[in-house]
Protein chains: 2
Amino acid sequence: MMVAANVRDVAALARVSVGTVSNVLNGTKKVAPGTEKRVLEAIETLGFVRNDAARQLRVGQSRMVGMMVLDVGNPFFTDLARGVEDTLALSSRSLILGNSAEDAAREESYLHLFEEQRVAGLLVTPVSRTTDRLERLRRRGTPVVLVDRFGGIGDFSSVSVDDRRGGQIALQHLVDIGRVRPTFIGGSSAVVQVSERLHGAQSVLSEAGIAPLRVIERPYMSADAGRDAAEELLALEPSERPDSIFAANDLLALGVLQALTRAGVRVPDDIAIIGYDDIYFAASAAVPLSSVRQPTWGMGKAAAELLTAEIDGTAGSEFQHVVFEPELMARESTRVPA
Amino acid sequence: MMVAANVRDVAALARVSVGTVSNVLNGTKKVAPGTEKRVLEAIETLGFVRNDAARQLRVGQSRMVGMMVLDVGNPFFTDLARGVEDTLALSSRSLILGNSAEDAAREESYLHLFEEQRVAGLLVTPVSRTTDRLERLRRRGTPVVLVDRFGGIGDFSSVSVDDRRGGQIALQHLVDIGRVRPTFIGGSSAVVQVSERLHGAQSVLSEAGIAPLRVIERPYMSADAGRDAAEELLALEPSERPDSIFAANDLLALGVLQALTRAGVRVPDDIAIIGYDDIYFAASAAVPLSSVRQPTWGMGKAAAELLTAEIDGTAGSEFQHVVFEPELMARESTRVPA
DNA sequence: GATTCGAGTTATATCGATTCAATCGTCCTC
DNA sequence: GAGGACGATTGAATCGATATAACTCGAATC
C-alpha cells in the first residue's frame, strides 16, 4: 500500500522545481522541450496522477458539472444525459449525475453535495417550483441552467420543450381520431412538466366543447404506476371507462398498455393511448405506442452549451431560453379503428 | 458574486476556534451544547457549505465511489446503478457514474478521472481483459470490485452472474422447443460477458449434436445493432436462415425482433428469439420477449456491500466472489407453434 | 562593454478543512 | 488547599497543486 507520488516527488526525480512540473501538467507557461521530456518521464516512472482535490482547492472550482434528473430509470433522461456528456467532453469537463427520483428530499441532498463539490455548473430538472437552493448556488457564482423546464420563475437560462403545446398536440390527436372521453394519467401535479402538459390538454377540450378531462394522479411516473392507474380504470363500470388515455410520459403509457392488454381491453379499438417523450421502447411495444417526441439528445447538447458559455464567461448578460417544439409520433396505439 | 464563507468566518462569528467548528461539522469530538448551537447558527446565517476539496485534501480520500458501466442507455446498468446508489447512501457515500460505451479509450479516460478524484472505491464492469489500470488503482489503496464479471484474472472481489450457465439455459431452451439452427448475435467478443454466454451456448450444441452455432458479431450491443444484424440474416436464402436467435442482451433482441417483424417474418413461428438481462421492456415488447433474468438490483446492492466492507476495512483478507444464478423467463417469443 | 530583453526556471505563499498536542477551567478527592 | 482528572477548547501544522514575483543566463542591441 505505497503512498501516492506527488508533484514534489516528480520535481525531485526530474531535477526541476514543482512550478515547472505544474507548467508541464497544465501548459500554462512554456517549458523547454528537454525539460518537459524529463518531467514526463518522471511522471511515467512514478505513476503520478494529479490529486484533483488539491488542484481544485487552489483554483477554487471543479472541472465537474452536476446534473439533477427526475428519474435515471427513464430512457428520456439517460438520453438527455448522454447529450450533455458528449458536449461537456469537448471542453474536457465531466458529469456527476444525481437522481432525485422525483423526491424533494433527495433533490436537496444532491444539491448540497454539488455545492460541497463546488461544481463548475449545474443542470437541473427541478422537482418542485421553489428555487431557494438554486438561487443560493448562483449567488455563490455557480451557473445554473434549467433543463426541460422554462425558466419563468427566477432568472435562469433554460432549455425546454413547450410542454403546454405538447399537451395540446396529444389531446388534439385524440380528438382528431374521434375520441370524446379522454383521461389524463400523470405524476404529481407538483412536477411542472406534468401540470403544463395537463393544461395544454385541457385547453383543447374546452375549445372542442368536450366534457372535462378526467385526471388520475400518481406520485411517481413509472411503468408500475401506469399499471396501477390502469387497474383503477378497469374497476369502473364499462360505460364509465374512457375511450382514450393521454399519459404524461411513455413509462406510464407502457404500464397502462400492459395492464389493459392483460385485462382483455383492445388497444386502440376500446381505448386509444398516447404517451410522451417517444423513448426508444415506445415504437417497439406490444402495440406500437403513439407519443409526443422531444429532441432529447439535442436538448442535452443545448443545455450543456448554454452552461459552458456561462461558466467560461462567454455568455451575454441576458438569460437565454431555448425552446424546442414537440412533435407528434402517431402509431398503432391511436389508429382509427377500421 | 460574494465570496463563500469558510470555517474561519464561521469560527469568528460563533466566537470559537476553527477546530471547534470542525468538531461540530464532523462530530469527532464532544462539543458543549451551547457552543454547538452558536456554531450551527453561524453556519446558518453565513450560508456556509463545507468545501469538500479542502476536506478531501486533508483526509486523503473522497466520499465518492466511482462506477464504470458499459452502457447507460441499457436499463440493466441503470438498475444496477440504482442498487449501488441505494446501498451506498446507507453509509452516506455517493456515486459518480462513468459510461464507457464499450470503448476502451473512454474507459481509460474515466478511470483516470476516478484516480484523480481519489475515489474511495471503484466498481467496474470492464470492457477488456487487461487490468493494468485497476491493479494500479489498487496498489494506491483504492478497493476495486468487479461487477457482472467473475474476478478470475487478477485478485479482485467480484459480483457476477454465471454467464456460461446463462448461455446454456438460453440455448437449452431453444433446443427444448425443437429448434435446430440457432444463431448467436453478440457484441464484441472482447467483452467477457459476450464470450462467456457464447461458450455456454456452444457447449449445449456440441452435447446435443446439432450443427455449430452461427455467430454474428456487432461492435456495440444496442437495438440499432440488433436491427442491423437482422438485416444480415434477412439477406440470406430462406433455406439458410436460422430458426432461432439467441441475442447477448435484450436491446439487441428487441432490435432484431423489430426488424424481423417489419420484414414479415413471424416470431416465434418462423424464428424464435431469446434475449438476456430481462430488462423491464422485454415483457412489454410487440412479441413479449423471452429472456435470461439476472437479479439486477440485488447485484448492485451486493457489489456496494462488498466494496463498502473493503473501504471500511471490515472485509477479510480473502477476496470474495458472489455469484448469482441466472433464470429463464420464457415468454411468447419462444412459444412452441401450435 | 554595458544594457536591455526574454525565455525558462525557481521559491514561496496560498487555498480551506482537519488533526493533534497543548492549554484552560472546573470539579473532585484526599 | 494542593493535586489530579477530565471535558472542552485552542491554534499551529498539514495535505498537494497552482500562481506569482523574483531571478538566471545567454543573446541581441547600441
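Note on naming: letters A, B, ... go to the chains in the order of the sequence lines (proteins, then strands), and numbering restarts at 1 for each one. A quick note: this is a predicted structure, and the numbers were derived from the prediction, not measured.
- B:Asn26 comes within 4.0 angstrom of the backbone, heavy atoms only, and of no base.
- Distance, A:Gln56 CD to C:dG16 C1': 12 Å, rounded to whole Å.
- Contact annotation for A:Val31: backbone-only contact, meaning every heavy-atom pair under 4.0 Å involves sugar-phosphate atoms and none involves a base.
- Closest to the side chain of B:Thr28, from the set C:dT19, D:dA17, C:dA17, is C:dT19.
- Heavy atoms only, all atoms of each residue included: B:Val7 and B:Phe48 are closest at N-CE1, 3.6 Å.
- Residue B:Arg55 places no side-chain atom within donor-acceptor reach of the base of C:dT18, judged by atom type and a 3.5 Å distance cut-off alone.
- For the pair B:Asn6 and C:dG16, the criterion of a side-chain N or O lying under 4.0 Å from OP1 or OP2 is met.
- Counting heavy atoms of neighbouring residues, nucleotides and ligands inside a 6.0 Å radius, atom CD of A:Glu108 exceeds 12 of them.
- Defined by atom type and a distance below 3.5 Å, a donor-acceptor pair is missing between the side-chain atoms of B:Glu305 and B:Thr87.
- In this structure, CZ of A:Arg38 is placed 14 Å from P of C:dG8, rounded to the nearest angstrom.
- Judged by distance alone, with hydrogens and angles left aside, the side-chain atoms of A:Asn26 form no donor-acceptor pair with the main-chain N or O of A:Thr28 at under 3.5 Å.
- Looking at heavy-atom distances under 4.0 Å, A:Val16 makes contact with sugar-phosphate atoms alone, never a base.
- One finds a salt bridge joining A:Glu115 and A:Arg133 here, because a Lys/Arg side-chain nitrogen approaches an Asp/Glu carboxylate oxygen to under 4.0 Å.
- A sub-4.0 Å separation between OP1 or OP2 of D:dT10 and a side-chain N or O of B:Thr20 is present.
- Distance CG (A:Asn23) to C1' (D:dA19): 9 Å, rounded to an integer number of Å.
- Across the protein-nucleic acid pair, B:Arg8 atom CZ and C:dA17 atom C1' stand 9 Å apart, rounded to whole Å.
- In this view, A:Arg118 satisfies the salt bridge (charged side-chain N to carboxylate O under 4.0 Å, His left out) rule with no residue, not counting sequence neighbours.
- Of the candidates D:dA12, D:dA17, D:dT9, the closest approach to any side-chain atom of B:Val18 belongs to D:dA12.
- When the P atom of D:dA19 is taken as reference, atom CG of A:Leu25 falls 11 Å away, rounded to whole Å.
- Comparing B:Arg118 and B:Ser17 along DNA chain D, the residue whose closest nucleotide (by nearest heavy atom) sits nearer the 5' end is B:Ser17.
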Any protein N or O atoms within reach of nucleotides 21-28 of chain C? Criterion: under 3.5 Å, listing atom names and distances.
| unit_1 | atom_1 | unit_2 | atom_2 | d |
| --- | --- | --- | --- | --- |
| C:dA21 | N6 | B:Lys29 | NZ | 3.3 |

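- Between the CG atom of B:Leu57 and the C1' atom of C:dT19 there is a distance of 13 Å, given to the nearest Å.
- Between the C1' atom of C:dC15 and the CZ atom of B:Arg50 lies a distance of 17 Å, rounded to the nearest Å.
- Taking atom CZ of A:Arg58 as the reference point, atom P of D:dC15 lies 17 Å away to the nearest angstrom.
- Distance CG/A:Leu146 to OG/A:Ser160: 9.0 Å, rounded to 0.5 Å.
- In terms of phosphate contacts, A:Ser22 brings no side-chain nitrogen or oxygen within less than 4.0 Å of OP1 or OP2 of D:dA19.
- For the residue pair A:Asp71 / A:Tyr220, a side-chain donor-acceptor distance below 3.5 Å is found, with atom types taken as modelled.
- Each of D:dA17, C:dT19, C:dA17 was ranked by its minimum atom distance to the side chain of A:Ala54; first place goes to D:dA17.
- Checking the phosphate oxygens (OP1, OP2) of D:dT9, a side-chain nitrogen or oxygen of B:Thr35 falls inside 4.0 Å.
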